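Please read the structure below before turning to the comments.
In each ligand, atom 1 is the first atom listed, and ligand 1 is the first ligand listed. The structure presented is a predicted model; accordingly, all values stated were derived computationally and were not measured.
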Amino acid sequence: MAPRRSTCPYCGVGCGVAGQASGRDLTLSGDAAHPANLGRLCSKGGALAATVGLEGRLLHPMIRDRRATWDEATALVARRFSETIARHGPGSVAFYVSGQLLTEDYYAANKLMKGFIGSANIDTNSRLCMASAVVAHKLAFGADLVPGCYEDLELADLVVFAGHNAAWTHPVLFRRMEAARARGQRHLVIDPRRTDTAEVADLHLPIAPQMDVRLWNGLLADLIARGVIDRGYIAAHVAGFAEVEAELARTDQSISAVAADCGLAARDVERFFQLFAETPRTVSLFSMGSNQSAQGVAKGLAIINAHLATGRIGKPGACPFSITGQPNAMGGRETGGMATTLAGHMDFDDEARARVARFWGAPHTPSGPGLKAVEMFEAVHEGRIKALWIMATNPAVSMPDAGRVREALETCPFVVVSDCMEATDTLDYAHVKLPALAWGEKDGAVTNSERRISRQRALFEAPGEARADWRIVADVATAMGFGDAFSWRAAAQVFREWARLTAYENDGRRILNLSGLVGLTPEGYEALEPVQWPVTAAGGTARLFASGRFQTPDGRARMVRASAQGPAQPTGAAYPLALNTGRIRDQWHTLTRTGLAPDLWRHAPEPFVEVHPADAAAAGLTDGALTRVQTARGEAVALARLTDRQRPGAIFMPMHWTAAYAPSGRVNPLVAPSIDARSGQPEFKHTPARVRPYRETWRGFHISRRPWARPARLDLVWRRIPQAGCHLHEFAGRGDVEEREALRKLLLAGVSGDGLRFEDPAAGALREAFLAGDRLDRVLFTTASGTLPPRDWLVELFASEALGAGDRAALLVGRAPGRPADASPIVCACRNVRAAVIGKAVAAGAANVDAVAEVTGAGTNCGSCRPEIARLIAPRRLETADAA
Ligand SMILES: Nc1nc2c(c(=O)[nH]1)N[C@H]1C(S)=C(S)[C@@H](COP(=O)(O)OP(=O)(O)OC[C@H]3O[C@@H](n4cnc5c(=O)[nH]c(N)nc54)[C@H](O)[C@@H]3O)O[C@H]1N2
Ligand SMILES: Nc1nc2c(c(=O)[nH]1)N[C@H]1C(S)=C(S)[C@@H](COP(=O)(O)OP(=O)(O)OC[C@H]3O[C@@H](n4cnc5c(=O)[nH]c(N)nc54)[C@H](O)[C@@H]3O)O[C@H]1N2
Ligand code: SF4
Ligand SMILES: [Mo]
């Protein structure tokens, strides 16, 4: 069989893949014919085959912990929702959905809530992600429209990354831009951290947290002063310029004043302004450093204003470009997955409501917007929402103030969760668990960051009783009595209905229009090639606004004042540090899928907190020490990473860890739920915090064939790190030897077989290893004051069928006989190359990334580590020493 073409389920780049399945084994490569990636894949996409096993999958409906039939589960969900609505009104129920649903799923969920239940209480995790950009687009362009396309990123002479760590979060697009750099494109990064994206850029502005609006306003004032704005474009296509100009004049916009407020060196700010002024082909990419802010809308508007005033929009290589995170964040915005719009980018005005109701034959459409994510969980907490259905998202981990979200879920009378995995932090709270088809099984459409609709296609048979999300929704809708409107039999029918809605009574005023796809046959749907909306009979559209017409009533774009404020909650004496959060290179969100691929754990095996050396010294922290990170809401414990890539006064923690992998390493219980008043998007990038040494009295590790969760009775800092063929557990405690003994008892209960044991009471050290036959079965090493060996060699032994005499003898030393241990960090996860090996290659004369690649193999597969290799070759110092 020829490989089937589909798309990667992770980031919004939307790379095409080509996969060939045999049973559950998958051979996968990048789809050379897909316009998003032309065959390339990053580390995450490249590891997909390692994540498609059935282990850990939810394969049958469950009512609490009892297996149920679909009929039972569907009937129960329908009955509880119907009863709740009958008793407390449609506003007492809610759906919380996800940019990881397919367009068909999203369309079905939205139709049920907004058309038939008659509430707008459906919101998506895109609220945590894109909501600020959506509002900025609507204010500026009249609808949530992304002007540009990926080709613009190659045509641009300057790319500004505004709070975007593209090297890690959109790696394949970054590879494309690296190629453009070789042809002279320049990169400028605005980010408080010197990320890998910043490391290789021409200019990095390590901005003080949440000062972006000040910087972009300063830029616009400077452009006006220099006379480089496009008065002709403004006169023809833009409204609101005079108001914005007048507002800017109220503040001192001198470079020195802007630089001082932004914590930047004046000459760097000057260089940014100069570069922007002299480069007509500029694309400004904005992502979570812009959106996840209490001023996220203002940040987006300030960026868009600079582009509108210079006419740099709708032209090749020039646009403001909000890049999306999830594979179908765009599809959700299009189909009405957000509580603040109807499907098809329509708003809650009477005309649009009537139109949508007419199209659906819907009895009830809500009169206005529903609850946005943070408000929704607050309403659950207060008991106003009494039935909640969560699909394809893990809010117990990913929402801000996650402790409170867990309380809300705990008390909610009825929680339904559709997921493809059987154990997630959110599923712990589910009354009903519904098994969804996962990537590789489901069939449907997604829209990537450049408005490109691509097909995801099934590569495997549906396992167990798992069903498509749209079908689960349709079955519940039918059981609620709305069967006529939900009688689809295939994804293709759902898609066609959706396409028809975009074209319905659309006289050209709604740019989101799939009129070219309304006649799609099942075969046409199956064969659909990637295409960018709007899609007419003539085909797709790469770039919007080329004619200078926008979706506002008068066709003009709007410049809207963006006022500069600092963070919602400033730091102070008790919590002097700004806690920033975000992503790491090789993991996806809450680890339910990338966590299954051992290779993807190598680059960052444990939760960490990045701290500037000066802040670390003040707090008594050393590199690698377990560190308590505290905010007004909660505490986490993570390994300190001392680095001058962090601004003094600011710290960073990854968002990924969950109760399943590192219960004390979860950051979201610490994050304040401050939101942007207009978009409802939380300020994930700023919570006042402090750090303290954890001061463990003992620590250790346990390697076993099966995974262990943190024992409930013991207050340990626990991390589970999946390995090929075994699980590594790292732990530390603050108790005495009794605590260690309690853990030992639990872990070793029932262990028989050959045991080796070494004890050094002076160091409080105990090392034990057990074999089952000739195979290593488990090891347990603990120490109070001594050291522990690197874990790699022991982990490797778990793969061996029979241990040799030499290996046995060295077991309790923990080191391979005669092999020097290299504990330096892994840089290239694909080829398993460590920093020390790269260091040696550099010392031996490898002067650039390609030379290092040739000698060591690092960076030769997906290329995600290339910026990090560059950093190892030429370390740079943070350029804030002389900041104003
Ligand atoms: N590897 C990986 N890739 C992913 C994902 C993943 O989980 N893993 N998730 C996907 C999703 S859903 C999303 S939304 C995207 C997100 O992609 P990005 O937005 O690139 O990712 P983040 O790491 O959340 O944040 C970007 C940067 O914003 C910076 N920042 C923080 N505060 C400020 C500020 O005040 N101003 C400025 N200018 N910058 C600031 C942070 O330091 C961080 O480096 O990634 C997508 N791609
Ligand atoms: N501190 C902090 N928190 C953040 C962020 C941050 O930067 N900092 N970023 C925020 C952003 S931008 C985002 S997008 C969110 C992401 O946060 P989440 O959406 O909570 O993260 P995921 O791990 O992607 O959750 C997806 C869930 O859906 C399941 N799933 C996968 N495929 C399917 C499917 O086809 N059907 C069904 N029914 N289930 C499926 C997965 O197993 C998993 O449980 O996190 C937000 N939270
Ligand atoms: S860049 Fe990586 S994660 Fe994103 S779609 Fe492509 S392969 Fe998937
Ligand atoms: Mo996101």
inquiry  = Would Met288 count as a polar contact of ligand 1, with the cut-off being nitrogen or oxygen pairs under 3.5 Å?
reply    = yes
note = Nearest heavy atom to atom 5 (S) of ligand 3, choosing from Cys862, Cys15, Pro327, belongs to Cys15
remark   = Looking at Phe286, Tyr10, Trp588, the heavy atom closest to atom 10 (C) of ligand 1 belongs to Trp588
inquiry  = With nothing but distance in play, are any N or O atoms of Gln326 less than 3.5 Å from an N or O of ligand 1?
reply    = no
request  = Report yes or no: does Asp123 contribute a side-chain atom to a donor-acceptor pair with the main-chain N or O of Ala339 at less than 3.5 Å?
outcome  = yes
query = What atoms of ligand 1 come within less than 4.0 Å of a heavy atom belonging to His164?
reply = 20 (O)
key: ligand 1 to Gln210 polar contact by distance, N or O atoms, under 3.5 Å   = yes
request  = For Lys44 and ligand 1, answer yes if some heavy atom of the residue is under 4.0 Å from a ligand atom, otherwise no.
outcome  = yes
remark   = A student checking ligand 3 against Lys44 at a 4.0 Å heavy-atom cut-off should list atoms 3 (S)
key: Under 4.0 Å to a heavy atom of Gly14 - the qualifying atoms of ligand 3, by number   = 5 (S)
ask   = Of all the atoms in ligand 3, which lie at a distance below 4.0 Å from a heavy atom belonging to Pro171?
value = 1 (S)
ask   = How are the rings of His187 and Phe174 set to each other: parallel, tilted or perpendicular (split at 30° and 60°)?
value = tilted
ask   = Considering distance alone, does some N or O of Ile584 sit under 3.5 Å from an N or O of ligand 1?
value = yes
query = Nearest to atom 46 (C) of ligand 1 by heavy atom, Ala329, Pro209, Gly296, Gly325: which?
reply = Gly325
query = Does His656 reach ligand 1 with a nitrogen or oxygen that is under 3.5 Å from one of the ligand's nitrogen or oxygen atoms?
reply = no
ask   = Do the ring centers of Tyr661 and Trp601 come within less than 6.0 Å of each other?
value = yes
Residue Gln587 vicinity, atoms of ligand 1 by number, heavy atom under 4.0 Å = 1 (N), 2 (C), 6 (C), 7 (O), 8 (N)
Protein residue, atom and distance nearest to atom 32 (N) of ligand 1, heavy-atom basis = Lys685 CB, 3.5 Å
inquiry  = Looking at atom 2 (Fe) of ligand 3, is there an N, O or S atom belonging to His170 that lies under 2.8 Å away from it?
reply    = no
ask   = Tell me, which protein residue and heavy-atom name are nearest atom 2 (Fe) of ligand 3, and how many Å apart are they?
value = Cys42 SG, 2.3 Å
request  = Considering heavy atoms of the protein only, find what lies nearest to atom 4 (Fe) of ligand 3 and give residue, atom and distance to 0.1 Å.
outcome  = Cys11 SG, 2.3 Å
ask   = Against heavy atoms of Gly582, which atoms of ligand 1 measure under 4.0 Å?
value = 23 (O), 24 (O)
task = Within a distance under 4.0 Å of any heavy atom of Lys299, pick out the atoms of ligand 1 and give their elements.
result = 34 (C), 35 (O), 36 (N)
key: Residue, atom name and distance, where the atom is the protein heavy atom closest to atom 12 (S) of ligand 1   = His589 NE2, 3.0 Å
ask   = For Met655, is the nearest heavy atom under 4.0 Å from an atom of ligand 1?
value = no
task = Return yes when Thr594 approaches ligand 1 closer than 4.0 angstrom through a heavy atom, no otherwise.
result = no
inquiry  = Can you name the atoms of ligand 1, numbered from 1 with element, that are less than 4.0 Å from a heavy atom of Cys129?
reply    = 14 (S)
ask   = Does the Ser679 side chain pair with the main chain of Val297, one donor and one acceptor, at a distance under 3.5 Å?
value = no
Sole residue of Met338, Met288, Gln292, Gln681 in side-chain contact (heavy atoms from CB on, under 4.5 Å) with Met130 = Met288
message = Is there a polar contact between ligand 1 and Thr195, counting only N or O atoms under 3.5 Å apart?
response = no
message = If the cut-off is 4.0 Å to any non-hydrogen atom of Tyr10, which atoms of ligand 3 fall inside it?
response = 3 (S)
key: Heavy atom of the protein closest to atom 23 (O) of ligand 1 (residue, atom name, distance)   = Arg583 N, 3.0 Å
request  = Considering heavy atoms of the protein only, find what lies nearest to atom 36 (N) of ligand 1 and give residue, atom and distance to 0.1 Å.
outcome  = Asp212 OD1, 2.9 Å
ask   = Nearest protein heavy atom to atom 43 (C) of ligand 1, by residue and atom, and its distance?
value = Asp191 OD2, 3.3 Å
ask   = Looking at atom 47 (N) of ligand 1, what's its closest protein heavy atom, distance included?
value = Thr169 O, 2.8 Å
query = Is any N or O atom of His170, backbone or side chain, closer than 3.5 Å to an N or O atom of ligand 1?
reply = no
Shortest protein heavy-atom distance from atom 8 (Fe) of ligand 3, along with the residue and atom involved = Cys8 SG, 2.3 Å
inquiry  = Pairs of nitrogen or oxygen atoms closer than 3.5 Å, one from Arg585 and one from ligand 1: do any exist?
reply    = yes
ask   = Atoms of ligand 1 less than 4.0 Å from Ile190 heavy atoms?
value = 37 (C), 38 (N), 39 (N)
inquiry  = Can you report which non-hydrogen protein atom sits closest to atom 26 (C) of ligand 1, along with the distance?
reply    = Gly163 O, 3.5 Å
query = Should you measure from each heavy atom of Val172, which atoms of ligand 3 turn up under 4.0 Å away?
reply = 1 (S), 6 (Fe)
inquiry  = Students should be able to answer this: which protein heavy-atom is nearest to atom 31 (C) of ligand 1, and at what distance?
reply    = Asn580 OD1, 3.3 Å
note = In ligand 1, the atoms that come under 4.0 Å of a heavy atom of Trp168 are 1 (N), 2 (C), 3 (N)
